[in-house]
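In what follows, a structure is listed as structure tokens, so that the remarks can point back to it.
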Amino acid sequence: MKLLLLHANHFKYEVTDKTPVAEDIDNDLKKKEMGEGLVVFLTVESNDELDIDYAIESGAKNIKEVSKKVNTKKVMLYPYAHLSSDLGSKEAAIKILDGVENELEKNDFDVERSAFGWYKSFEIETKGHPLSELSREIDVSEKEEEEEEEREIESDFYYIKPNGEELEVELNEKWVNKNVQDEAMKSYIFSEEIKGQPSEEPPSIDSMRRLEIADYEEASDPGNFKFYPKGNLIANLLEDWSKEIAVNRFGAMEIETPLIYDWSQPDIREQGKSFHERHYRVFPPDKEKKLVLRFAGDFGLFRMLKNSIISYKNLPLRIYELSKSFRYENRGELTGLKRTRAFTMPDIHSFTKNLSEGWKEYQKLYKEYDDLAKETEIEYAVVFRVVEEFYEENKDKIKEMLSYSNKPGFIEVLSERKHYWVVKHEFQGIDSTKGNSQLSTVQLDVEDAERYGITYTTKKGEEQGCIICHSSIGSIERWIYEIIENAHRMKKPKLPTWLTPTQARILPVSEQNESYAEEIGNKLKEKQIRVDIDDSEKNLGKKIRKAEKEWIPYIVVVGDREEKNNSINVRRREKDDEIEMKAEELIENINDETQNMPYRELPLPTLLSKRPKFVG
RNA sequence: GCCCCGGUGGCUUAGCCGGCAAAGCGACGGUCUUGUAAACCGUAGAUCGCGGGUUCGAAUCCCGCCCGGGGCUCCA
């Protein structure tokens, strides 16, 4: 079957003469007119006769999809022989046309159909927007098991309280307010599962620019950001930390695979086909190849392992990759650094012998990611999605993980397996405006290894598919978003000290104190503290104001008094006080706070007078 | 993608029922030699998001597009 779908402002036709295959028609079919709506030119081909029911079903499905995209429920079905040279019989064609019409009517469409087998004149004015002219092809011989989705898979929701008690969730405000105490969890349920009130612009969107972290780039595509030196530093530190977890703590091997993939490769296609409209396409100069930008982390790795020789002795096999991925998200779905079209994903994949080894890996990863979330000081809720059978057998372990996090859990239990995983969870970060966004996730995949031919040799010498544990801490961009959002929840916003660009700023009271300021600065720098010096000619009040606006956690004032005492005066942001101490005390203070966390130098001149302003 | 709102020096904004584009911050130059969130004086800096239309005349009114925010949808 071939379909040509046109979103029209206006359409009308009138029959002119009979063809040999004309159906008998009433007067009302001889002439019709429609305003805004979807005009579907439809050609039934001989192939369709092999499975008329499927042809009807998938024809209607395609029309439904397109009409949803262009947001209309008005459809004109117009039999049109000229799209194919391999026409089906008159009987099949009419049967299919009527079937599609019926199917659409069942779904509340306002459907009209025009006469089959007549010469007609028609007039059409199409809307001309990108989705207004589409064509579809349906080949019943390629019928796939897509209908699986049609099977009713039911979801039940449970809430596991911090004390381990399990309640069945009613998704309404009253129930949640009565039973859920945890604020992050409440925010998650209202924002994601119930959907709530219009919210404000998340304050991080303004802050990311003002603090010279990240910014929009009009010369790129929406959702592709530029990062200023400070933002780049924060991203690098998060990446260092993610690598630390993956490689040093978890024992993963780091790899790199390409950003661009060949769409004609069956495994790439297989993984991406249902989302192809959301892929950036790449057109090389020879125009022969169809390439796509990497849209997920897995397939470069999967291909690598497909060609690898893996013994049971090598398992669990853990691989780490940090890479940009690209998804052409709908324009209206983009929001600051929360949802972008280009994002940096650190992925850990663990290839294991069987379900129980996979499940062990899962729990390890869960704990690592939980540690990370704690170090970034963000607010988050834990959500599990799990297949019923697996849940019943492993409830105790899920409760154990929740108690490791010291948090309640929201559990979606699926009656049957719907996706490739049997269990997954998400850490849902909560905005200062109470919105949610998915951060870390771990997924226990029982399907893909076989699908992509990733096997290992067992003790007995047999080939067997792996169980794969997919996981990611979540995109670096989104972490930055959440960390800034979290800062806005405080009375005095502050980034975690290990991530904050300037950890201590030294303010000389007058020019005479500048060399002392540098002396202190060097002492701090030697101990891996990111420090800068405000050597501008402004008065002290103004220097302090500037430092406070930059959320600098330690503002160090040095004047004649301090020079005489060989001390420093420290304004501590978090404690909101001012205290005289020795430089060594401050060093100890900051080193304590940033212990075990990655360190990088400040990628900016120490003297403020040497620095450009990237944003006014 | 659809619906609603917005875009004026680097930043924050005023002007918007048409009539010379304003102010503060910041930058730069000078004065002041400074003690915990904005010292003083001066200078430069604007194709009013882009394109078209209406008009003697458009930042202002109309149309199209781009960019941003909210909602819907979506998130492999």
* Test log, rule salt bridge (charged side-chain N to carboxylate O under 4.0 Å, His left out), inputs A/Glu482 and A/Arg478 -> CA-CA 6 Å; A/Glu482 277 303 333; A/Arg478 192 172 279 181; over 6 Å; no
Across all strands, who's sitting opposite [N] as a Watson-Crick or G-U wobble pair, both distances under 3.5 Å?
N      : answer
B/rG57 : none
B/rC2  : B/rG71
B/rG18 : none
B/rA39 : B/rU31
B/rU47 : none

Looking at [X] and [N], is any side-chain donor or acceptor paired with a base atom of the opposite kind under 3.5 Å?
X        : N      : value
A/Arg327 : B/rC75 : no
A/His276 : B/rA76 : no
A/Glu426 : B/rC75 : no
A/Glu578 : B/rG35 : no

* Asked: With rounding to whole Å, what would you report as the distance between B/rA46 and B/rC63 at their P atoms?
  -> 31 Å
* B/rU34 and B/rC25, which share atom name P, separated by this distance in whole Å -> 24 Å
Atom [atom1] of [X] to atom [atom2] of [N]: distance rounded to whole Å?
X        : N      : atom1 : atom2 : value
A/Lys338 : B/rC74 : NZ    : P     : 15 Å
A/Asp206 : B/rG6  : CG    : P     : 19 Å
A/Arg339 : B/rC74 : CZ    : P     : 11 Å
A/Glu218 : B/rG7  : CD    : C1'   : 10 Å
A/Glu537 : B/rA38 : CD    : C1'   : 17 Å
A/Glu329 : B/rG1  : CD    : P     : 12 Å
A/Lys538 : B/rA37 : NZ    : C1'   : 14 Å
A/Arg294 : B/rA76 : CZ    : P     : 17 Å

Considering only side-chain heavy atoms of [X], which listed nucleotide, [options], is closest?
X        : options                : result
A/Val509 : B/rA37, B/rA76, B/rG35 : B/rG35
A/Lys542 : B/rA37, B/rA38, B/rG35 : B/rA38
A/Asn330 : B/rA37, B/rG1, B/rU36  : B/rG1
A/Ser199 : B/rA37, B/rG71, B/rA39 : B/rG71
A/Lys549 : B/rA37, B/rC72, B/rG35 : B/rA37

Step through it carefully: locate the ring centre of [X], locate the ring centre of [Y], and say whether they are under 6.0 Å apart.
X        : Y        : result
A/Phe295 : A/Phe275 : no
A/Phe410 : A/Phe157 : yes
A/Tyr362 : A/His425 : yes

* Asked: What does A/Gly541 touch in the nucleic acid at a heavy-atom separation under 4.0 angstrom: a base, only the sugar-phosphate, or nothing?
  -> sugar-phosphate
* To do: Identify whether any heavy atom of A/Lys613 sits under 4.0 Å from a base atom; if not, whether one sits that close to sugar-phosphate; answer base, sugar-phosphate or nothing.
  => sugar-phosphate
* A/Arg209 or A/Arg278, whichever maps to the more 5' nucleotide of RNA chain B -> A/Arg209
* To do: Establish, from distance only, whether the side-chain atoms of A/Thr441 and A/Glu426 form a donor-acceptor pair under 3.5 Å.
  => no
* To do: Using a strict 4.0 Å threshold on nitrogen-to-oxygen distance, state whether A/Glu329 and A/Arg341 make a salt bridge.
  => no
